[in-house]
Amino acid sequence: MPAGPFPPRADEPWAGLNKVTSISGHDGLFEAGERAEGPVVLPETITSGDLSSSPPDVDLLIVGAGFSGAVIAERCASLGMTSLVIDKRDHLAGNCYDYVDSHGIRASKYGAHLFHTNYERVWDYVTRFSEWIPFDHRVRGRVPDVNGVDQLVPIPPVQETVNALYGTNITNEEEMQAWYDTQRVIPEGSPSNGEEAALSRVGPLLYESIFKHYTKKQWDKYPSELDASVLMRLPCRTSTDERYFSDHWQALPRRGYTRIFENMLLGNERITLRLNVDFFQARERGTLPKYKLLVYTGPIDSYFAQQKMPPLEYRSLHFEETYIEDPEEGFFQEAMVVNYPAASVPFTRIVEYKHVPNQTEAVKGGQVKGTLIAKEFSSAEGEPYYPVPNPENTALYERYRALAEEEQGVCFVGRLASYKYFNMDQAILNALEMFDSLKDTGKLAPKRRPEDFGPGDGPK
């Protein structure tokens, strides 16, 4: 195994396309003297699940302490509005929550998160709550070649990927384009499903090697059973650009994602945070405070469960974590993320957190000899992560959306409430635009429909 960590920056000229060139932003807690590298220890009043110490009357009751809820609470506080933010989990930050484990390694509880955006407004906003380190995310895949021998190749596919898997000798963009042209299967009219979309984008060789079975593992559906939109976003690189994303701003929060939320929510006198609080249970017990508006970021079908409509379909993730005491050269694998597209492997990828440049000082200083890996499995059971995009679910969501539009005193926002996979930057922008509406019209409401943001990354 080569010595790590995997370089955090891509080769030039691709690294030069990232507008984040050095440490950027402000970490208010750090500047105030907080030196903990993991999450701040929260007082019992926040973590106990007891609402009796919270204000009896607030402007906003916000269900969910992820990006959507946190941005709305922070922005509305700037107008003098008060919020009670509750979350059924024992931590803030939603699925972005990261922590430092007992060995001193920074890890993500709900899978790797990679921040990237083309929205300058979002970049300007997040740099108010964290310092950021430039990071060009690149993925490797362990993929069998034409002889059945596993090769470690860049994903999305680039010239090196095709050469390694199929024995070609592509050396420039023109040759790569010509190879794609011989491979692609173009349907009559627009692609009608994910398989047709994938074949029209990458052709049968890459489809079978990298995308078909990986998609099945992620969604428990073959591409032919999914909307064309899921596979139409497959990147087709003719260049040597190995970056997973092409956005203008790509970075990692220097002291982890949790720190962003701590700076947004803690210490603001107009924001009260209470964890280990289930909204539905508290509502039934009558322990919620008075509020003028409910901001709900949970699953929309759970909110309307009393309507006895069918549940929406979600995919969840399960992580099998292993600490390896003394790996060769200090690392388990060659890169932070290695995908396993083959049907013969039950998990989708392995994440090794030790590679990232926002690790703890102990890791960066070589004091942590072991490494933590997380094998990622997709599942229909567990916390909802990803909406499943197909015609049946889309039609069912429209029924829920109609109910939501008629529900008085409630604002539905975010990934689960909108049945739409938002990237982090899309979730932030959506919340910022809702705040704009509040200032402009006096009503907290979205400026555009969720689908108008375009596709999110989805399962990676």
Side-chain angles (χ1 to χ4, degrees), residues 1-11 15 18 20 22-23 27 30 35-39 91 93 95-116 130-142 150 152-155 242-245 250-260 317-340 345 347-377 424 457 459-460:
M1 192 65 58
F6 190 66
R9 304 305 311 277
D11 293 336
N18 189 348
V20 188
S22 60
I23 295 175
D27 180 343
F30 184 82
R35 293 297 179 265
E37 294 198 273
H91 58 77
N95 282 2
C96 292
Y97 177 75
D98 51 14
Y99 62 98
V100 176
D101 77 352
S102 60
H103 305 284
I105 297 174
R106 190 184 313 284
S108 296
K109 187 175 179 67
Y110 305 99
H113 282 69
L114 295 311
F115 183 85
H116 57 99
S130 174
E131 292 182 297
W132 293 81
I133 304 171
F135 183 69
D136 305 314
H137 182 50
R138 285 152 295 147
V139 172
R140 292 295 183 261
R142 203 165 294 283
D150 281 352
L152 191 73
V153 295
I155 293 178
E242 297 181 358
R243 298 175 304 151
Y244 203 85
F245 310 111
Q250 302 185 41
L252 292 176
R254 188 177 185 184
R255 297 176 188 89
Y257 284 95
T258 304
R259 176 57 59 87
I260 303 169
L317 294 175
H318 164 67
F319 305 96
E320 184 181 287
E321 293 187 347
T322 304
Y323 182 76
I324 300 168
E325 291 285 352
D326 191 20
E328 182 181 350
E329 302 274 7
F331 288 82
F332 172 80
Q333 63 188 19
E334 296 85 347
M336 174 196 179
V337 176
V338 177
N339 288 3
Y340 287 79
V345 179
F347 49 86
T348 55
R349 63 179 185 171
I350 297 178
V351 176
E352 185 175 14
Y353 296 107
K354 196 175 177 183
H355 283 281
V356 293
N358 67 340
Q359 268 302 342
T360 62
E361 293 302 318
V363 170
K364 290 187 290 187
Q367 299 163 26
V368 179
K369 301 304 180 185
T371 189
L372 179 70
I373 65 169
K375 292 180 179 177
E376 201 166 296
F377 298 80
M424 287 182 280
D457 299 330
K460 293 176 280 295

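Quick note: numbers below take in every heavy atom, side chains included, and nothing from hydrogens, waters or symmetry partners. Along the sequence shown, residues are numbered consecutively beginning with 1. Just so we're clear, the structure is a prediction, and the values are computed from it rather than from any experiment.
- Atom CD of residue E325 and atom OG1 of residue T371 lie 11.0 Å apart, to the nearest 0.5 angstrom.
- For A36 against R259, the heavy-atom pair with the smallest separation is O-NH2, 3.1 Å.
- At least one side-chain heavy atom of L252 sits under 4.5 Å from a side-chain heavy atom of P357.
- Using cut-offs of 30° and 60° on the angle between ring planes, the pair H137 and Y244 is tilted.
- When all heavy atoms of V100 and P39 are compared, the closest pair comes out as N-CD, 4.2 Å.
- A side-chain donor-acceptor contact under 3.5 Å links Y353 to the backbone of S108.
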Q: Show your working on ring-ring contact (aromatic ring centres under 6.0 Å, His included) between H91 and Y110 and close with a plain yes or no.
A: CA-CA 12 Å; H91 58 77; Y110 305 99; 5.6 Å; yes
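- Under a 3.5 Å cut-off, the side chain of Q250 and the backbone N or O of F245 do form a donor-acceptor pair.
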Q. Are R142 and E334 close enough, and set up right, to give a salt bridge (charged side-chain N to carboxylate O under 4.0 Å, His left out), and what steps lead you there?
A. CA-CA 11 Å; R142 203 165 294 283; E334 296 85 347; 3.1 Å; yes
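- What you find for V363 and G104 is that their closest heavy atoms are CG2-O, 3.4 Å.
- Counting only distance, with no hydrogens or angles, the side chain of K354 and the backbone of K364 share no donor-acceptor pair below 3.5 Å.
- Going from atom CD1 of I373 over to atom CD of Q333 covers 7.0 Å, rounded to the nearest 0.5 Å.
- Note that CD1 of I105 is 10.0 Å distant from CD of E321, once rounded to the nearest 0.5 Å.
- Taking K109 as the reference, nothing meets the side-chain hydrogen bond (donor to acceptor under 3.5 Å, both in side chains) condition, with sequence neighbours excluded.
- A salt bridge between R255 and E131 is present, with a side-chain N of the basic residue lying under 4.0 Å from a carboxylate O of the acidic one.
- The side-chain heavy atoms of M336 and V351, taken from C-beta on, include a pair separated by under 4.5 Å.
- Here the side chains of Y99 and R106 are not in contact, with every heavy-atom distance at 4.5 Å or above.
- Annotation: the span from N358 atom CG to W132 atom CH2 amounts to 9.5 Å, rounded to 0.5 Å.
- The CD atom of E320 sits 9.0 Å away from the CD1 atom of I350 when rounded to the nearest 0.5 Å.
- E352 places a side-chain N or O within 3.5 Å of a backbone atom of F332 that can act as its donor or acceptor partner.
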Q: Take L114 and F135 through the test side chain to side chain contact (heavy atoms under 4.5 Å, CB included) and record every step on the way to the result.
A: CA-CA 9 Å; L114 295 311; F135 183 69; 3.8 Å; yes
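- Of the possible donor and acceptor atoms, one in the side chain of R138 sits under 3.5 Å from a partner among the backbone N and O of R9.
- Across every non-hydrogen atom of H113 and N95, the tightest pair is CE1-O, 2.8 Å.
- Cation-pi geometry between R35 and F30 is satisfied (NZ or CZ under 6.0 Å from the ring centre, within 45° of the ring normal).
- Ring-plane geometry between H103 and Y323 is classed as parallel, the angle between the planes falling under 30 degrees on a 0 to 90 degree scale with a further cut at 60.
- Of the N and O atoms on the side chains of S130 and D27, not one donor lies less than 3.5 Å from an acceptor on the other residue.
- A donor-acceptor distance shorter than 3.5 angstrom exists from the side chain of T348 to the backbone of E376, with no hydrogens or angles considered.
- Taking the six-membered ring where the residue is Trp, the centroids of F347 and Y340 are separated by under 6.0 Å.
- L152 CG to R140 CZ: the interatomic distance, rounded to the nearest 0.5 Å, is 6.5 Å.
- A cation-pi arrangement is absent between K375 and F319, since the terminal nitrogen or guanidinium carbon is not both under 6.0 Å from the aromatic centre and inside a 45° cone about the axis.
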Q.
If you apply the rule side chain to side chain contact (heavy atoms under 4.5 Å, CB included), what do you find for M424 with F115, and how did you get there?
A. CA-CA 7 Å; M424 287 182 280; F115 183 85; 4.0 Å; yes
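- The closest donor-acceptor contact from the side chain of D98 to the backbone of Y257 lies under 3.5 Å.
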